[in-house]
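Heads up, the thing below is written out as structure tokens.
Note on naming: letters A, B, ... go to the chains in the order of the sequence lines (proteins, then strands), and numbering restarts at 1 for each one.
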Protein chains: 2
Amino acid sequence: MATIKDVAKLAGVALSTASYALSGDSKVSTKTREKVLEAARQLNYRKNGFAMDLKKSRTNTIALILTDLSGPFYSELIRSIQDVALSNGYDLIACSSMGGEDSTAVRFLLEKRVDGAIVLAHNITDDILRAAAGERFPIVVMDRPITGDGLVNVLVDGEEGGYRATRYLIDQGHRSIAYISGPANSYDNALRYEGFLRAMREEGLEEKAKWKLSGSFIREGGYKATKMMIMQGELPSAVFYANDEMAVGGLKAFEEAGVSVPGEVSLIGFDDIQLAEYIQPPLTTIRQPMNESGSLAGHLLFQMLNGDQVEASYSLRIGLVERQSVLKVRNGVTGEA
Amino acid sequence: MATIKDVAKLAGVALSTASYALSGDSKVSTKTREKVLEAARQLNYRKNGFAMDLKKSRTNTIALILTDLSGPFYSELIRSIQDVALSNGYDLIACSSMGGEDSTAVRFLLEKRVDGAIVLAHNITDDILRAAAGERFPIVVMDRPITGDGLVNVLVDGEEGGYRATRYLIDQGHRSIAYISGPANSYDNALRYEGFLRAMREEGLEEKAKWKLSGSFIREGGYKATKMMIMQGELPSAVFYANDEMAVGGLKAFEEAGVSVPGEVSLIGFDDIQLAEYIQPPLTTIRQPMNESGSLAGHLLFQMLNGDQVEASYSLRIGLVERQSVLKVRNGVTGEA
DNA sequence: GTGAAAGCGCTAACAG
DNA sequence: CTGTTAGCGCTTTCAC
């Protein structure tokens, strides 16, 4: 690999002159610049990224850290962040936190291989986040509340979402409602569940212990939990799945058991994934404002990078997407037919 | 930010000793190591990633370059590559080539910010690829055939796929078949179209010019092209969409026009995206072996990184996924009813 | 304008 | 085992 030294030598100028010419500094004569550029071309010279970063101690790159790069759920979010990054002249890379402490993500954070980060990865501990963040290294955290120097939150009001979903079910006449839970250690799940409970309590409704099943946020989990519920005999008139993926799995379980949705049991989800619109029946769900939260996160990061002061926490509201998986009922029981 | 120098000073040892201690070299006494580690802890010291990379001129990171990070289509591919990278002790970052010449992706490639790359981004020119690749910088290209030093191809046989899709339609009795095309400059589209033509010719069938519409690989495009086809009056008995996204859009257009699928017109797609299984009717399509091609690409990259010799090009075969969007017909015309 | 020289933070010979 | 030293490739004063 040719270095700038080689270029300077070939062009017959000093190292610094080559550097100036290459970065388009105006204090180099056009003629000299041409000479340097020509030499660079001949040698197929490329700047070495690291040397540059090391020298400037800025990378012009921000990282988006996700639990799993392959989740389909993030499309919208990624796009909006990407837009903001691009329009600020920054590069965006995405990295996965799979592998925990030893993951790419943690290395990028701790070793400051980027200028800042947006994190949506529950397997990165608060400690790591606190250790990494600082005045010169802002981090926007989107999956938990956390405070500290250089740390800012962009959160979606999950409790409100859980409440809205449950409230909607109640308003449609449902009184026996089950909650299929996500992972026990998930902050998001906890919020949604709290909202569920608030709505239930408000109406003097009780959660039946045997309906409280866990499906760990994946389709298969929703499927199994629902199967179990069906096996136990007594069905609720509506079930609130802590996320859409589980609702999709649940729907399959009901279908296989010959239970009509929403005829016999109504379903509501959370997230509004792309699939939600396409399954039969289309899933009523709670929509997270991914676009808005993505651009907000991006903008905040750049403000911090510019040294501007920002609030420590931002909360976005959710919305209900009414489709066809919830049936209006009379007396709290959907009935046999 | 504390440097290794500060750590050494605080621990009262030489710079190199600190470096050795920090990287766990065995030639440092346990006691000294402890002292150094303690000093590092006190100063909240973190290695500077760039300095390390610059020195070692290796990053232990590979990049996956995608046109658009937010495409849902890549999930499986990303996962399989990620697995391979992780098990080789490498980090994987994903970056987008949006922005063309000035994109993050191009910078990472040209400035060698990673040790190698897997590319699936048609907006990165062959020239850039050739300029970036070399003996010390392997690139696996998955979206076009290209040869050169350090360049390897992993391709899916799109022509065969186009042929299989069309052949299937013909075998089901269809004789008037339309092809809704992807972007004119897409290599993938060209292959699929060629396969289509081969099957048509083989059977002595003609492509009707007015059915040759383009939908540029997006849902909206498929929708519009189909609308146009419907407006023109005469419908084919089957249509082959160059990808599933367009087929989804096309389905919507047919639905809106009250044309029954597959009753009046059969549909076949290409890619087998997640949605394909969930739409009504479930879409018959050509499946690309994403897992296989992802791991193959990953393995090849690491072999090249290790200096092993590999073939210049690998081709993977596709498969047909039979679902319910194609109807078997008698005489080449689906008929009015 | 141009050139010499001083590092950015780190690793790895090398000599003690 | 420990300390000295020479760079990795680049940018950027500071004199000329």
Rounded to the nearest Å, what distance is computed from the CD1 atom of residue A:Ile4 to the C1' atom of nucleotide D:dT12?
-> 12 Å
Protein-nucleotide distance (A:Lys5, atom NZ; D:dT11, atom P), rounded to Å | 15 Å
Flag, side chain of B:Ser23 to backbone of B:Asp25, donor-acceptor distance under 3.5 Å | no
Sidechain N-carboxylate O distance under 4.0 Å for B:Asp126, B:Arg144 | yes
Could you give the side-chain donor-acceptor pairs of residues 307-315 of chain A under 3.5 Å, partners two or more places apart or in another chain?
from: A:Tyr314; atom 1: OH; to: A:Glu311; atom 2: N; distance (Å): 3.1

B:Glu76 with B:Arg79: basic N within carboxylate O range, under 4.0 Å | no
Distance col, row A:Leu120:CG vs A:Asp188:CG, nearest 0.5 angstrom, shows 8.0 Å
Rounded distance in Å - NZ (A:Lys9) to P (C:dT2) = 20 Å
Going from CG on B:Asn185 to NE2 on B:His122, what distance comes out if it is rounded to the nearest 0.5 angstrom?
-> 6.5 Å
Pairing of B:Asp115 and B:Arg136 as salt bridge, 4.0 angstrom limit = no
Protein-nucleic acid N or O pairs under 3.5 Å, nucleotides 12-16 of chain C:
from: C:dA13; atom 1: N7; to: B:Tyr20; atom 2: OH; distance (Å): 3.4
from: C:dA13; atom 1: N6; to: B:Tyr20; atom 2: OH; distance (Å): 3.3

Distance in angstrom units between B:Met52 CE and D:dC8 C1', rounded | 14 Å
Just how far is it from atom CG of B:Asp53 to atom OG1 of B:Thr59, taken to the nearest 0.5 Å?
-> 6.0 Å
Could you state the interatomic distance from CG (B:Leu37) to CG (B:Leu22), rounded to the nearest 0.5 Å?
-> 6.5 Å
Nearest whole angstrom, please: distance from the P of C:dG9 to the NZ of B:Lys47.
-> 15 Å
Interface with DNA chain C, restricted to residues 103-111 of chain A and to heavy atoms under 4.0 Å = none
Pairwise 5' ranking along DNA chain D for A:Arg46 and B:Ser29, keeping only the more 5' one = B:Ser29
Nucleotide C:dC8, atom C1' - distance to CG of B:Leu54 in whole Å = 9 Å
Between residues 35-43 of chain A and DNA chain D, which residues have a heavy-atom gap below 4.0 Å?
-> none
Here the distance between atom C1' of C:dG7 and atom CZ of B:Phe50, to the nearest Å, is 17 Å
For residues 3-14 of chain B, which side-chain donor-acceptor pairs fall under 3.5 Å, sequence neighbours excluded?
from: B:Thr3; atom 1: OG1; to: B:Lys5; atom 2: N; distance (Å): 3.1
from: B:Asp6; atom 1: OD2; to: B:Thr3; atom 2: N; distance (Å): 2.9

Between CG of B:Asn60 and P of C:dT11 the distance, given in whole Å, is 14 Å
Please output the side-chain donor-acceptor pairs of residues 43-52 of chain B that fall under 3.5 Å, not counting sequence neighbours, one pair per line with the distance.
from: B:Asn48; atom 1: OD1; to: B:Phe50; atom 2: N; distance (Å): 2.8
from: B:Asn48; atom 1: OD1; to: B:Ala51; atom 2: N; distance (Å): 3.2

